[in-house]
Amino acid sequence: MSFIRVQGLSAGYGKSVVLRNVNLEVHEGESVAVVGKNGAGKSTLIMSFFGATTISAGAIEVDGKTLNSMPAFMAAKQGVTVSPQGRMILPHLTVGDNLRLGAASGRPGRWDMRSVFKLFPVLEERQDKMGTALSGGQQQMLAVGRALLGNPRVLLLDEPSEGLSPVLVDELARIFNEIRAEGTGLLMVEQHLNLVRRVSQRFVVMAKGEIIDQGLTEDIDKEQHQAALAF
């Protein structure tokens, strides 16, 4: 049974419609990538889980419950958290305090400060530093660690490789595979196809607010999928 089910979703901002009839499923423990060019609606899809858009049709279901009419924080309560585009590290808080915010939902599970520090040792070393004093790669680790402390069953990742060097992208691939090996599913919005190939099992392609293609990631380099990616 799907843990996340997006059915016929149309959504946007105010009267501006960005997403049109989007259908998507993610099983618990699965890794799915949403790919496409800038402006395709990928981040709008992610933000629709958290009440940041106007949903005009369709529904987002998490663990069988429809999020549309629920307060924004209920996504985290139901087991979906996000590492947002731009990381959104709070500048007036330390690394440790930024992390502890992620546990606000009170969900039990395997992810706590100790397990996050094991995954990201640099965060333990710098836990008393201000969050924005970290490098870009370390801030991305902080954003992921904060989301993990909500003990999600599926972690949403919005453009995690943005602005990072190839070496850091390699490190993210290792980390995301380790997270999934621990049983946490991933729904990742990403343009870096090298990361998509190494982390996801399935992919969907978005263009102009619609899903125009999908398949197994092992087939992403086939001609028909490359044509969709170029659209």
Side-chain angles (χ1 to χ4, degrees), residues 4 6 9 11-13 18-19 22 24 26 31-55 60 62 67 70-105 107 111 116 119-120 123 130-164 168-169 171-173 175-176 179-180 184-192 195-196 199-200 206 209:
I4 288 175
V6 179
L9 182 68
Y13 306 96
V18 177
L19 304 178
V22 171
L24 175 68
V26 183
S31 179
V32 178
V34 181
V35 298
K37 295 182 177 180
N38 285 334
K42 305 184 303 297
S43 292
T44 299
L45 172 62
I46 294 295
M47 297 314 297
S48 294
F49 282 79
F50 304 97
T53 66
T54 302
I55 295 177
I60 298 175
V62 174
L67 295 182
M70 293 185 179
F73 66 85
M74 287 303 296
K77 285 281 190 182
Q78 291 300 117
V80 172
T81 62
V82 64
S83 173
Q85 185 175 23
R87 295 139 196 169
M88 296 187 183
I89 305 304
L90 296 183
H92 59 288
L93 296 182
T94 65
V95 169
D97 287 339
N98 266 282
L99 284 172
R100 280 183 277 273
L101 284 177
S105 66
R107 281 179 56 85
W111 296 106
V116 167
L119 189 64
F120 303 113
L123 298 184
M130 303 308 291
T132 50
L134 301 181
S135 69
Q138 291 164 354
Q139 288 189 34
Q140 185 61 63
M141 295 176 188
L142 177 54
V144 172
R146 181 179 59 193
L148 286 175
L149 280 166
N151 275 296
R153 289 165 66 181
V154 174
L155 170 63
L156 276 52
L157 300 159
D158 195 354
E159 302 284 6
S161 75
E162 187 175 58
L164 302 185
L168 288 173
V169 172
E171 179 66 5
L172 282 184
I175 288 166
F176 294 156
I179 289 170
R180 194 166 66 83
T184 302
L186 303 174
L187 177 59
M188 177 175 66
V189 163
E190 182 57 65
Q191 294 190 66
H192 198 301
L195 183 59
V196 169
V199 172
S200 67
M206 289 193 70

So which atom in Thr81 and which in Phe50 form the shortest heavy-atom distance, rounded to 0.1 Å? C-CZ, 4.1 Å
Going by the side chain to side chain contact (heavy atoms under 4.5 Å, CB included) test, name the single residue among Val34, Leu157, Val189, Val80 that passes it with Ile46. Val189
Out of Leu99, Val144, Leu142, which residue meets the side chain to side chain contact (heavy atoms under 4.5 Å, CB included) rule with Phe120? Val144
Let me confirm one number: the [atom1]-[atom2] distance from [X] to [Y], rounded to the nearest 0.5 Å.
{"X": "Gln138", "Y": "Thr132", "atom1": "CD", "atom2": "OG1", "answer": "12.0 Å"}
{"X": "Met141", "Y": "Leu148", "atom1": "CE", "atom2": "CG", "answer": "12.5 Å"}
{"X": "Ile4", "Y": "Leu67", "atom1": "CD1", "atom2": "CG", "answer": "9.0 Å"}

Side-chain donor or acceptor of [X] paired with backbone N/O of [Y] under 3.5 Å:
{"X": "Glu162", "Y": "Gln85", "answer": "no"}
{"X": "Lys42", "Y": "Lys37", "answer": "yes"}
{"X": "Arg107", "Y": "Asn151", "answer": "yes"}

Decide whether [X] and [Y] meet the rule of one side-chain donor and one side-chain acceptor closer than 3.5 Å.
{"X": "Gln140", "Y": "Ser83", "value": "yes"}
{"X": "Ser43", "Y": "Glu159", "value": "no"}
{"X": "Ser48", "Y": "Thr53", "value": "yes"}

Between Leu119 and Ile179, does the side-chain contact (heavy atoms from CB on, under 4.5 Å) criterion hold? Intermediate values first, please. CA-CA 9 Å; Leu119 189 64; Ile179 289 170; 3.8 Å; yes
Minimum side-chain heavy-atom gap Glu171-Leu164 below 4.5 Å: no
